[in-house]
Peer 1: 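Shown below is the structure under consideration.
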2 protein chains.
Amino acid sequence: MAVRVTIKDVAKQANVAISTASRVINNSGYVSEDTRQRVEEAIKRLGYVPNSIARSLKWKQTFSIGLIVSDIGNPFYAELAQAVERAARERGYSVLLTNTDSKAAQERDCVGVLAAKQVDGIIWYSPINEELVDEVMENSRATVVVITGKEGHLGHHTIRIDDQLGAFEAVNHLISLGHTRIGYIAEPSDPKFPQERMKGYRRALAEAGLEFDESLVVRGTYQEGSGRKAIKVLLGLEERPTAVFCANDLMAIEAMQYARGVGLRIPEDLAVVGFDNTKLACLHGIDLTTVAQPTYEMGREGAKLLISSITKPLSPRQLLLRPSLVVRRSCGQYLKEGQR
Amino acid sequence: MAVRVTIKDVAKQANVAISTASRVINNSGYVSEDTRQRVEEAIKRLGYVPNSIARSLKWKQTFSIGLIVSDIGNPFYAELAQAVERAARERGYSVLLTNTDSKAAQERDCVGVLAAKQVDGIIWYSPINEELVDEVMENSRATVVVITGKEGHLGHHTIRIDDQLGAFEAVNHLISLGHTRIGYIAEPSDPKFPQERMKGYRRALAEAGLEFDESLVVRGTYQEGSGRKAIKVLLGLEERPTAVFCANDLMAIEAMQYARGVGLRIPEDLAVVGFDNTKLACLHGIDLTTVAQPTYEMGREGAKLLISSITKPLSPRQLLLRPSLVVRRSCGQYLKEGQR
DNA sequence: CTGTTAGCGCTTTCAT
DNA sequence: ATGAAAGCGCTAACAG
């Protein structure tokens, strides 16, 4: 555990004043070629690395950003973190990782630590305590970018996904494959979240001139067994749907398994499309066509927005990202392609 | 973006000297009850948060640790990171996250950044450039804990998994279920990694008095299709195995799918055990009995070891962690339980 | 072109 | 019990 070498050591070794050493380190001001060489040599010989802590104190900038997520162990957040880290690194920033474990008190803690560590900005996924965001903006140097499913948050930078568009495209795809009776295993209704996916489903039908049939919609719960229950209802209908769109992958997978269990072929007898594009969707034997959340992009754009806003304050931006349809086998498109 | 309030502001507000304010903030030295109150009030009123950067400069300790992984987007590392973050937080440390993307140059970069940011320690998963570890130890204040699959690294703290034990327990379990002809779809042979799982397989057989039959071992590659190819060979044997242990989950799953495809029932006709306990293993319809890597524990123990070693230098510790067998349906134990 | 100096926010002797 | 002052490592005027 060697003692840290400081700029003082470098200066002494090179026989110059500290400020001169500083000049060559920062490439600022005039330095004669000769002294520059001497200093650089000293730096190399001593293995000098500038102390960011001291620099930060002086600069009032740390080139660190904080990332607040509920749980980095969740692959979704992991992917987000990956994107954030990479975008940050490319711009010379480091990432301080904090987990809230979905607890408001811990979130407060995270914020406190990040403020104390003087991060230049924070990427904050889904604040639990919404007021806390404003509080932070007021009391700390940090800029904040919020990633969220909800609208609102107009006072600061925001990244949101266009759920409605995702659902629209999914259903549209099924329509383009010739389906006219398309079931929907819907997202739970939550007063806090408008049912954007449902809106997308309805819009796609409407634009195609198809009538909205309430009986084709079954509310799911995102919980185990919910997809199975729902598909059971839909398949029990007098005139059953030939395709079903599901508000998440898990329900879609359950629906497929149930349908297969009762002898239906996927996608010939029932086309299925999900939402999320979890790792499960691409598994052999599942091959679920699904709407992919642009997780990586959310992270990348969040970090980019944050850092550019640190560099040069921006008026609050609201970014809306597009999900994208990933076509696999469960929707049946490949059958059509085969026909050609 | 409020201007940061400093200890100076607090002191002025409370009408005391800076040093006095510091005393109450740090709970050090004597402070009269009266002044303490005044200062505390000022702190609250102003929303003062001590500047960790300044403290770090003074203390020569940052209470930050660095985490180096190849890719946080990978769920395995994500779980590791989760454990590290949690253990660190509990001890008052923050985590600086860095990705190497498996590139030696970037790894060097990570180390440089962490050194500059004066982290007190580093958790380093699988160094690409092994010499770099020693270099860091020499040139920086940071303590290092290496998490690795290999042996060696005796100069510093190390966390390793007992692969041999994991394999031993898996095979042992199959033996206890009555199997005597147990196939092994083995790990690829790599001169850098001793085949610990293979050793475990052989040891289990030996201890049970079963003969090692070379024809029951097929080398896999961890690549797609490898498990299928291997099981094909095993099932083609004159006297085919009634159980098969696989060096990872992916190969195990392929083996199961192939076996089912040729009409075998799992586990009645063929028992299967994997290694890794990936998310796939617990999927409905897969239900793979498998050896779980103690990922979380690795992270937690790593962070604990690191921090205690920061607090009080320790001679290099080599920790060996136990994997554990997760029993699901593919091994057939539940059949026996049913018999009772 | 180079050196001297003040100061970033904080802790910690050392006086008083 | 409190305050004054030095200094952590560095940068950035300011002089020369």
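Scope of the values below: all heavy atoms of this structure, side chains included, with no hydrogens, waters or symmetry mates. The chains referred to below are lettered A, B, ... by the order of the sequence lines, with proteins before strands, and numbering in each begins at 1.
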Peer 1: At under 4.0 Å between heavy atoms, what does B:S22 touch on the DNA or RNA strands: base, sugar-phosphate, or nothing?
Peer 2: base
Peer 1: Would one find a side-chain N or O of B:Y30 under 4.0 angstrom from OP1 or OP2 of D:dG3?
Peer 2: no
Peer 1: Heavy-atom nearest nucleotide on DNA chain D for B:K60 versus B:N15: which residue maps closer to 5'?
Peer 2: B:N15
Peer 1: Between the base of D:dG9 and the side chain of A:K58, is there any donor-acceptor pair under 3.5 Å?
Peer 2: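 Absent.
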Peer 1: Within this structure, what is the CD1-to-P distance between B:I7 and C:dT12, rounded to whole angstrom?
Peer 2: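 To the nearest whole Å, that distance equals 11 Å.
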Peer 1: Grab the NZ-P distance between A:K12 and C:dT2 for me, whole Å please.
Peer 2: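 The distance from NZ of A:K12 to P of C:dT2 comes to 20 Å, rounded to the nearest Å.
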Peer 1: Describe the nucleic acid contact of A:I18 in one word from base, sugar-phosphate, nothing, applying a heavy-atom distance below 4.0 Å.
Peer 2: base
Peer 1: Look at the side chain of B:R55 and decide which nucleotide, out of D:dG3, C:dT2, C:dC10, has an atom nearest to it.
Peer 2: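 Within the option list, the nearest is C:dC10.
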Peer 1: Just verifying a value: how many Å separate B:N99 CG and B:D71 CG, rounded to the nearest 0.5 Å?
Peer 2: 5.5 Å
Peer 1: In whole Å, what is the span from the CD atom of B:Q61 to the C1' atom of C:dC10?
Peer 2: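 Answer to the nearest Å: 15 Å.
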Peer 1: From CH2 of B:W59 over to C1' of C:dG9, roughly how many Å is that when rounded to an integer?
Peer 2: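 Nearest whole value for this atom pair: 12 Å.
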Peer 1: Mind calculating the distance between NZ (B:K8) and P (D:dA5) to the nearest angstrom?
Peer 2: 14 Å
Peer 1: Could you please name the option among C:dC8, D:dG3, D:dC10 that lies closest to any side-chain atom of B:T20?
Peer 2: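 Selected nucleotide: D:dG3.
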Peer 1: Of the nucleotides D:dA4, C:dG3, D:dC10, which one has an atom closest to the side chain of B:R23?
Peer 2: D:dA4
Peer 1: Would one find a side-chain N or O of A:N26 under 4.0 angstrom from OP1 or OP2 of D:dT11?
Peer 2: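 Checking D:dT11 against A:N26, a side-chain N or O does come within under 4.0 Å of OP1 or OP2.
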Peer 1: Rounded off to whole Å, could you give me the CZ-to-C1' distance for the B:R141 and D:dC8 pair?
Peer 2: 12 Å
Peer 1: Is a salt bridge present between B:K304 and B:E301, judged by a nitrogen-to-oxygen distance below 4.0 Å?
Peer 2: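 A salt bridge links B:K304 with B:E301.
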Peer 1: More than 12 foreign heavy atoms under 6.0 Å from CZ of A:R45: is that the case here?
Peer 2: yes
Peer 1: In whole Å, what is the span from the CG atom of B:L57 to the P atom of C:dT11?
Peer 2: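 Taking CG of B:L57 and P of C:dT11, I get 11 Å after rounding.
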Peer 1: Less than 3.5 Å apart, any donor N or O on the side chain of A:E107 or A:N129 sitting next to an acceptor on the other?
Peer 2: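 No.
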Peer 1: Considering just the side-chain nitrogens and oxygens of B:T35, establish if one lies under 4.0 Å of OP1 or OP2 belonging to D:dT2.
Peer 2: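 Yes, because at least one side-chain N or O of B:T35 sits under 4.0 Å from OP1 or OP2 of D:dT2.
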Peer 1: Would you name the heavy atoms of B:T35 and B:V31 that are closest together and state the gap between them?
Peer 2: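 Residues B:T35 and B:V31, closest heavy atoms: OG1-CG1, 3.3 Å.
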Peer 1: Give a yes/no answer on whether the side chain of B:S19 brings an N or O atom under 4.0 Å of OP1 or OP2 in D:dT2.
Peer 2: no
Peer 1: Whole angstroms only, please: what is the CD1-P distance between B:I25 and C:dT12?
Peer 2: 12 Å
